[in-house]
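All ligand and atom numbering here is 1-based and tracks the order in the structure. Keep in mind that what you see is a predicted model, and the values were worked out from it rather than measured.
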Amino acid sequence: MRMTMPPKKRTAIYPGSFDPLTNGHMDVIQRALEIFDEVVVAILRNPSKKALFSTEERLEMIRQSFNGNSALKVDAFDGLLVDYARMKHAVAIIRGMRAISDFESEFQMALMNRKLHKDVQSVFLMTGLRWIFTSSSIIKEAAQFGGDISDMVPKPVKRKLMEKFPLLADNLQQNPKKKETR
Ligand code: PNS
């Protein structure tokens, strides 16, 4: 009798700083989940980069934002991304693309990763049009001065930003329902 092997699980790693997770990241994760059996969102533990949120806070915000999807895993890693991808038996590294300005550094990183590990493919996913101008940095910058970033981040991230930035908390408490920009 011929035994049929179960199909191999196709895992992709979505690496980044996620300081913090934005709706643009969420959009990329949802698209990746449509293609791969398992997506591991992996935060680089990078002591040389000053972050607003600790790695543990960032992991927790991602977990809360994706509450209950078993195909999504959340983790942190040190060192080379390709070593981590190898350890996870990942077939792909996901990166989100917003605009042409992202292209040059992403291209360089993808080719370096391929040089270091030829069996993992870089897959670039375009974020939804409404997120092409968002980034963690610009959201943090607006939030620290009280700018309403409510519709750019998932709710657990908004709550944590309000904890970090009293001006944002005051502003959102005074103007809880702002109209979305057209
Ligand atoms: O969200 P970011 O900051 O753009 O993510 C960058 C990240 C974490 C994906 C990248 O810096 C990385 O993979 N670092 C791990 C070290 C590594 O493997 N470097 C060699 C490839 S360029």
Measure the distance from [atom] to every protein heavy atom, then report the residue, atom name and distance (to 0.1 Å) of the closest one.
| atom | answer |
| --- | --- |
| atom 7 (C) of ligand 1 | Arg95 NH1, 4.4 Å |
| atom 10 (C) of ligand 1 | Met109 SD, 3.9 Å |
| atom 3 (O) of ligand 1 | Ser17 OG, 2.6 Å |
| atom 21 (C) of ligand 1 | Asn113 OD1, 3.2 Å |
| atom 19 (N) of ligand 1 | Leu80 CD2, 4.0 Å |

Measuring from [X]:[atom1] to [Y]:[atom2], what's the distance to the nearest 0.5 Å?
| X | Y | atom1 | atom2 | answer |
| --- | --- | --- | --- | --- |
| Asn171 | Leu167 | CG | CG | 8.0 Å |
| Thr127 | Met26 | OG1 | CE | 14.0 Å |
| Ser136 | Leu21 | OG | CG | 7.5 Å |
| Asp27 | Ile132 | CG | CD1 | 11.5 Å |
| Lys73 | Ile62 | NZ | CD1 | 14.5 Å |
| Ile93 | Asn113 | CD1 | CG | 4.5 Å |

Proximal ligand 1 atoms for Lys49, defined as those under 4.0 Å from one of its heavy atoms: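 Those atoms are 3 (O).
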Leu81 heavy atoms within 4.0 Å reach ligand 1 at atoms 13 (O), 17 (C), 18 (O)
Using a strict cut-off of less than 4.0 Å between a Lys/Arg side-chain nitrogen and an Asp/Glu carboxylate oxygen, indicate whether Arg63 and Glu60 qualify as a salt bridge.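 Result for this pair is yes, salt bridge flagged.
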Between the side chains of Asp19 and Lys140, is the shortest nitrogen-to-carboxylate-oxygen separation below 4.0 Å, so that they form an ion pair?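 A salt bridge is present here (some side-chain N lies under 4.0 Å from a carboxylate O).
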Do you see a protein non-hydrogen atom under 4.0 Å from atom 15 (C) of ligand 1? yes
For ligand 1, note which part of His117 has a heavy atom under 4.0 Å away: side chain, backbone, both or neither.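 Within the 4.0 Å criterion, His117 makes no contact with ligand 1.
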So, does Gln108 sit close enough to ligand 1 that a heavy atom of it is under 4.0 Å from the ligand?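 No, Gln108 has no heavy atom closer than 4.0 Å to ligand 1.
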Gly79 near ligand 1 by a heavy-atom separation under 4.0 Å: yes
Heteroatom distance test (Leu44, ligand 1): nitrogen or oxygen, under 3.5 angstrom: no
